[in-house]
Novice: 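My structure is below; once you've seen it, I'll send some questions.
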Amino acid sequence: MSATPTGTLNDAIAAVEDVSSRIEDVFARVGRELGRGHIVFKDLNQGLASLSGELSGAEIEGAATALQEIAARLGELARALPAENALLTMIGKSTTEASALLKPLFKHIQMITIIARSARIEAASLDGDREGFLAFTQEAYDLGKAVQGSIEGCARDQQRLSEAVATASGRQREFESRYGDQLIAESAELGAAYSGLREQRSRSGHLAELAGSSTRKIAGAVGGAIISLQAGDSTRQRLEHVCHGLRLSSGSEPGLVPQPVASEDGVLAIRKLEAAQLRDAQREFGGDIDQIIRALTAILNDASGVVGHGRSLFGGENGSSSSALARIKQTLAQASTLIATCESAGRSVDEALAVVEDTLAKFRQAIAGLAEATVDITLIGMNAGLKASHLGSRGSAFVVIANELKATADQVSAGAGRLRPVLDGIERSANELKELRVQGDPTRLANLEPQILQALREVEVGNERLDKLMSRLVDEGAEFEGLMNSAQGLMSSLGESSATLPAIAARLETASASTRRPHPQDEALLDDLFARYTMERERDVHREFLQTLGLSSSAAAHRVEALAPADDGIELF
């Protein structure tokens with residue numbers, strides 16, 4: 001009854017059944033691997049998001065802010081050095097000028113004491129109120145000696161001041177020449193470290209979003225692949241229906257109820273129908289396989305993206321993040337050494353400023369005393385001169401001496417007047433220098449170090465956790481890649497196996513080439529085949545085939561269509 005060789009038919013049935021069984025096995029394994037991969041990256045995304053939030057928080061912000069502050073302070077120190085040296089030089093010059101002014105002033109005061117002694121000798125020779133003249137000259141002499149002691153003290157203080165300023169100026173110039181450029185370099189290095197931490201913090205803020213986006217894409221691709229996998233069950237059912245039809249055409253399909261026997265034309269028609277179904281099933285299944293492979297490729301790319309986000313942000317396996325932290329700590333250690341050196345050099349400036357302040361106070365006090373003494377000496381001279389003038393020629397010498405005493409006191413007063421603006425200039429320079437010292441106080445810089453190191457320790461601890469997470473990311477990424485590559489290999493192999501189906505269909509069509517319109521009794525068999533279909537696509541192929549034979553859907557087929565529920569061609573499992 002069969003126009004198709006039995007061997008060809010049996011080979012066709014065996015080949016279709018083999019593909020059908022492989023579909024079930026491969027799709028089950030791929031589904032499990034997709035599910036496992038989805039879980040891996042879902043957990044990984046949560047870990048990355050958690051650590052991202054941690055490292056974009058207060059710890060790294062505190063470290064970055066402290067680095068910025070200490071970098072700015074080091075820069076201030078570097079910029080202040082030339083100004084400090086200029087002010088010290090100015091104070092040194094003013095001190096030298098004050099010293100030059102003190103020398104003539106000291107001579108004038110000595111002259112007052114000499115004149116006072118001369119006046120005493122002259123007063124002793126006078127008749128009448130000798131004791132009064134002696135008292136005048138003694139008072140002038142005492143005032144001169146007191147002022148002379150004060151000026152001598154100023155001269156000693158001025159020498160101490162000159163030495164302190166010279167020492168401070170020398171140390172500052174040496175520090176500037178040795179460490180000025182290094183201060184600027186360290187400031188720039190810490191500024192770059194600040195920018196790096198800020199950038200890392202900013203990128204950390206985006207990591208969760210990036211990882212979440214990639215993982216959502218993975219989840220979507222996995223879901224799409226699983227839906228595509230469901231098409232495998234549909235194909236498997238279609239292949240089972242093809243095998244049923246082929247066995248029915250050979251009369252070998254087992255059943256409890258005896259099956260009607262098809263005519264020769266009916267057998268050929270059934271086999272040609274199953275060839276059409278086989279060709280159509282393979283064409284759709286090939287599209288499903290291609291779609292699944294594309295989805296697996298997309299999943300692999302997104303998985304690599306998640307790993308890449310972590311590596312680019314935190315350094316990955318080469319430890320660049322830890323290296324960056326180590327460089328920051330090293331730079332801070334160098335800055336600490338510089339700060340200590342600044343403190344050493346700065347102490348001499350502070351000591352000089354203290355000497356300046358003390359010396360200025362003594363100079364002011366001495367000048368104030370000098371002003372009072374010169375007024376008193378002038379009055380003494382004037383009074384003594386007037387009183388001596390009443391003595392006539394006998395008091396003329398004393399009058400000359402008294403006038404000279406007044407003139408010398410005026411010279412002292414003028415010398416003190418020239419000294420006062422020099423002292424004012426020293427005071428202004430000292431105040432400016434003191435203000436610079438307050439702005440660049442290295443003690444304030446040193447106080448920042450514990451804060452920075454604490455923040456860096458916290459970031460470093462986070463980085464250690466990150467390294468573990470990245471190791472897990474790499475390991476699980478490799479596992480996931482292995483799963484996806486395995487799934488791709490299985491699907492590709494399955495695609496190659498299913499690619500043999502069109503050849504089987506072609507042999508069936510060739511063997512059934514002389515198909516004629518089947519007999520009316522064969523239509524019941526065709527209706528039975530139609531009733532088994534679970535996919536609308538099978539029914540469409542069936543209708544199209546009947547049209548090629550000049551037949552339309554039978555009444556039984558119409559009844560099946562009326563009773564069949566709407567089916568979208570996808571079987572969920």
Side-chain angles (χ1 to χ4, degrees), residues 73-106 149-184 186-187 335-370 415-416 418-447:
R73 294 287 181 79
L74 288 177
E76 289 173 4
L77 278 178
R79 290 188 293 273
L81 284 175
E84 289 184 10
N85 285 329
L87 288 170
L88 284 168
T89 301
M90 190 177 299
I91 293 173
K93 290 180 179 179
S94 297
T95 302
T96 302
E97 186 178 354
S99 177
L101 291 172
L102 280 175
K103 290 178 182 179
L105 189 61
F106 184 72
S150 176
I151 295 302
E152 287 175 347
C154 286
R156 289 191 298 271
D157 290 334
Q158 184 274 334
Q159 182 61 33
R160 186 164 64 95
L161 173 60
S162 295
E163 292 173 356
V165 170
T167 299
S169 183
R171 288 185 179 179
Q172 284 295 90
R173 283 196 299 272
E174 180 185 5
F175 180 82
E176 182 181 10
S177 64
R178 292 182 61 184
Y179 300 109
D181 292 341
Q182 191 175 350
L183 274 171
I184 295 173
E186 295 294 335
S187 175
S336 177
T337 302
L338 277 176
I339 289 168
T341 309
C342 282
E343 286 185 285
S344 177
R347 273 194 294 272
S348 63
V349 177
D350 293 335
E351 290 168 1
L353 285 172
V355 173
V356 168
E357 188 174 350
D358 180 61
T359 303
L360 285 175
K362 290 179 178 180
F363 268 55
R364 301 286 190 196
Q365 184 179 0
I367 290 174
L370 188 61
R418 287 190 292 273
L419 183 59
R420 190 175 288 109
V422 175
L423 298 179
D424 290 341
I426 293 175
E427 186 174 26
R428 284 193 300 273
S429 297
N431 288 335
E432 290 180 28
L433 182 57
K434 190 182 297 184
E435 182 63 26
L436 285 176
R437 295 287 299 146
V438 170
Q439 291 178 357
D441 183 7
T443 304
R444 295 171 63 187
L445 294 177
N447 291 338

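Heavy atoms only: backbone and side chains are in, while hydrogens, waters and symmetry mates are out.
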Novice: Enter the distance from Ile91:CD1 to Thr96:OG1 here, rounded to the nearest 0.5 Å.
Specialist: 12.0 Å
Novice: For Val355 and Glu351: C-alpha separation, side-chain torsions, deciding distance, then whether side-chain contact (heavy atoms from CB on, under 4.5 Å) applies.
Specialist: CA-CA 6 Å; Val355 173; Glu351 290 168 1; 5.5 Å; no
Novice: Hey, which of Arg364, Lys434, Lys362 is the one that makes salt bridge (charged side-chain N to carboxylate O under 4.0 Å, His left out) with Glu357?
Specialist: Lys434
Novice: Rounded to the nearest 0.5 Å, what's the gap from CD on Gln159 to CG on Leu102? Could you check?
Specialist: 11.5 Å
Novice: How long is the span from the OG atom in Ser94 to the CZ atom in Arg428, to the nearest 0.5 Å?
Specialist: 8.5 Å
Novice: Between Ser162 and Thr95, which heavy-atom pair has the shortest distance, and what is it?
Specialist: OG-CG2, 2.9 Å
Novice: Nearest heavy-atom pair of Leu353 and Ala430: which atoms, and what distance?
Specialist: CD2-O, 3.6 Å
Novice: Where do Arg173 and Asn85 come nearest, in terms of heavy atoms and distance?
Specialist: N-OD1, 3.5 Å
Novice: Can you check side-chain contact (heavy atoms from CB on, under 4.5 Å) on Leu105 and Leu101, steps first, answer last?
Specialist: CA-CA 6 Å; Leu105 189 61; Leu101 291 172; over 6 Å; no
Novice: Which atoms form the tightest heavy-atom contact between Val165 and Leu88, and what is the distance?
Specialist: CG1-O, 3.5 Å
Novice: Give a yes or no on whether the backbone of Ala354 and the side-chain of Asp358 come within a donor-acceptor separation of less than 3.5 Å.
Specialist: no
Novice: Between the side chain of Thr167 and the main-chain N/O of Glu163, is any donor-acceptor distance below 3.5 Å?
Specialist: yes
Novice: Run the side-chain contact (heavy atoms from CB on, under 4.5 Å) check on Ile426 and Phe363 step by step: do they pass?
Specialist: CA-CA 11 Å; Ile426 293 175; Phe363 268 55; over 6 Å; no
Novice: What distance separates Asp157 CG from Thr359 OG1, expressed to the nearest 0.5 Å?
Specialist: 5.0 Å
Novice: Give the minimum heavy-atom separation between Ala352 and Ala164, together with the two atoms involved.
Specialist: CB-O, 3.8 Å
Novice: Check the pair Met90 / Glu432 against side-chain contact (heavy atoms from CB on, under 4.5 Å), numbers first and verdict last.
Specialist: CA-CA 11 Å; Met90 190 177 299; Glu432 290 180 28; over 6 Å; no
Novice: Would you say Gln365 has more than 12 foreign heavy atoms packed within less than 6.0 Å of its CD?
Specialist: no
